[in-house]
Amino acid sequence: MKEKVEIKTNELTKNLLSRQDYLVTQGNDLAKAFGNLKAFEHKLLDFCFSYVTRDSKLDDTFSTQVSDVLKHFGLTDSGTNYTRVIKGFKTLNEETPLYFLVKEEDGSDSILMTQLFSYIRVSANKKITFKFSEQVAPYVFDLREKYYSFHLSELSRIKSKYTLILLKMYQAQKMGDQKTVTLSGEMNDWQDWFLGVDRSNNWTAGRFKQKVLNVAIDELIETLNVTVVLNTLKKGVKVTGYEITINAE
């Protein structure tokens with residue numbers, strides 16, 4: 001009887017893994033985790049990440065004023081824009097679930113389900129206080145260390161969310177002064193990273209390349225002094241994935 005229960009539990013775990021929003025196994029996975037967010041929400045998340053410093057501790061809370069967010073985005077201080085910012089934080093709170101693959105004391109695998117933020121509080125005086133969840137904070141700090149060699153003002157000028165995601169993936173994979181970085185994955189991986197796991201339907205390879213990868217690559221070349229080579233991986237005539245090589249000049 002015990003053996004049957006264990007088999008059933010393993011099957012349930014596999015089913016969960018196939019449906020999870022994003023499984024985090026290492027720090028740079030966070031760069032790939034939020035394909036479901038829109039460009040404004042990505043930039044708002046970058047704004048939150050920018051409050052993390054080398055001296056930040058895992059239990060730190062961070063605070064900002066709505067006026068600071070509006071100034072960062074070049075938005076006027078109006079009721080409409082205030083609502084837009086608050087809705088953006090609401091989306092960050094609701095649309096950033098994460099799943100971590102962790103080891104139990106007996107060496108077996110388990111799945112930890114959590115959120116990016118422990119909480120986000122909006123005060124009547126338009127002060128916003130936020131804290132990253134205890135399980136995610138180390139990964140946020142790791143990503144912050146690798147990703148934010150760029151000034152926040154430079155990131156805010158990027159128009160496409162696809163460019164922001166490609167930039168994060170590039171920086172998260174880049175080691176020190178490494179000149180060349182290659183990103184590779186199957187078609188489903190790329191669509192998960194850029195469109196989110198909960199996309200309503202799969203895009204065709206041609207549409208995805210034109211509307212997502214080409215857009216991200218073109219803007220990345222304009223933003224950074226880099227060359228980019230996109231290689232389409234095929235099995236026969238079927239596109240199975242992509243390989244992107246980014247080389248810093």
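Both Ile158 and Ile221 belong to a common hydrophobic cluster when Ile, Leu, Val, Met, Phe, Trp and Tyr are linked at side-chain heavy-atom distances under 4.5 angstrom.
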Practice task
Please assess Lys131 against Asp59 for the test side chain to side chain contact (heavy atoms under 4.5 Å, CB included), listing each intermediate value before the final yes or no.
Solution key: CA-CA 8 Å; Lys131 181 179 180 180; Asp59 60 348; 4.3 Å; yes
Practice task
Output, in order, the C-alpha distance, side-chain angles, deciding distance and verdict of side chain to side chain contact (heavy atoms under 4.5 Å, CB included) for Leu224 and Leu167.
Solution key: CA-CA 10 Å; Leu224 306 179; Leu167 178 60; 3.7 Å; yes
Exercise for the section: Check step by step if side chain to side chain contact (heavy atoms under 4.5 Å, CB included) holds for Val229 and Asn247. Expected result: CA-CA 9 Å; Val229 176; Asn247 184 57; over 6 Å; no
Exercise for the section: Any chance you could lay out the side chain to side chain contact (heavy atoms under 4.5 Å, CB included) test for Lys168 and Asp46, step after step, and finish with the verdict? Expected result: CA-CA 10 Å; Lys168 292 176 183 180; Asp46 296 337; 3.0 Å; yes
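Separating the CG atom in Leu45 from the CG atom in Leu37 is a distance of 6.5 Å, to the nearest 0.5 Å. Considering CD1 of Ile217 and CG of Asn214, their distance stands at 6.0 Å, rounded to 0.5 Å. Here Thr204 contributes atom OG1 and Gln210 contributes atom CD; the two are 9.0 Å apart, rounded to the nearest 0.5 Å.
Without hydrogens or angle criteria, Lys159 side chain to Ala39 main chain gives no donor-acceptor distance under 3.5 Å. Judged by distance alone, the side chain of His42 and the main-chain N or O of Phe34 form a donor-acceptor pair under 3.5 Å. With Glu104 contributing its side chain and Ser110 its backbone, the two residues share no donor-acceptor pair below 3.5 Å. Between the side chain of Glu219 and the backbone N or O of Ser160, at least one donor-acceptor pair lies under 3.5 Å.
Between Val212 and Gln191 there is no side-chain heavy-atom pair separated by less than 4.5 Å. For the pair Tyr139/Leu98, no side-chain contact is recorded, criterion being any heavy-atom separation below 4.5 Å from C-beta on. You'll find the side chain of Asp60 stays beyond 4.5 Å of the side chain of Val52, heavy atoms only. Residues Val136 and Thr96 fail the side-chain proximity criterion, which asks for heavy atoms closer than 4.5 Å. Residues Arg84 and Phe73 form no side-chain contact, since every pair of their non-hydrogen atoms from C-beta on lies 4.5 Å or further apart. With a 4.5 Å cut-off on side-chain heavy atoms, Phe117 and Phe89 do not count as touching. Between Leu116 and Leu92, every side-chain heavy-atom pair lies at or beyond the 4.5 Å cut-off. Side chains of Phe40 and Lys87 form no contact here, defined as non-hydrogen atoms less than 4.5 Å apart.
Aromatic ring centroids of Phe132 and Phe141 lie 6.0 Å or more apart.
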Sequence neighbours excluded and cut-off under 3.5 Å, please list the side-chain donor-acceptor pairs for residues 234-246, or say none.
from   : atom 1 : to     : atom 2 : distance (Å)
Thr240 : OG1    : Leu233 : O      : 3.2
Tyr242 : OH     : Ala205 : O      : 3.1
Thr245 : OG1    : Thr182 : OG1    : 3.2

Using residues 120-130 as the side-chain source, report each donor-acceptor pair under 3.5 Å to any protein atom, sequence neighbours left out, with the distance given to one decimal.
from   : atom 1 : to     : atom 2 : distance (Å)
Asn125 : OD1    : Lys127 : N      : 3.1

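Closest non-hydrogen pair, Ser56 versus Phe62, comes out as OG-CE2, 3.9 Å. Closest non-hydrogen pair, Asn36 versus Lys161, comes out as C-NZ, 4.1 Å. Across every non-hydrogen atom of Val215 and Thr163, the tightest pair is O-OG1, 3.9 Å. Scanning all heavy atoms of the two residues, the minimum distance from Ser63 to Tyr51 falls at O-CE2, 3.3 Å.
There is no side-chain donor-acceptor pair under 3.5 Å between Asp55 and Thr53. There is no side-chain donor-acceptor pair under 3.5 Å between Ser133 and Gln115.
Other residues, nucleotides and ligands place no more than 12 heavy atoms under 6.0 Å from the CD atom of Glu134.
Residues meeting the side-chain contact (heavy atoms from CB on, under 4.5 Å) test with Asn81, sequence neighbours left out: Leu70, Leu75, Thr76, Ser78. In this structure, Lys38 has no salt bridge (charged side-chain N to carboxylate O under 4.0 Å, His left out) partners at least two apart in sequence or on a different chain. Remark: Tyr119 engages no residue in a ring-ring contact (aromatic ring centres under 6.0 Å, His included) (not counting sequence neighbours). Legend: residues meeting salt bridge (charged side-chain N to carboxylate O under 4.0 Å, His left out) with Glu105, ordered by chain and number and at least two apart, are absent.
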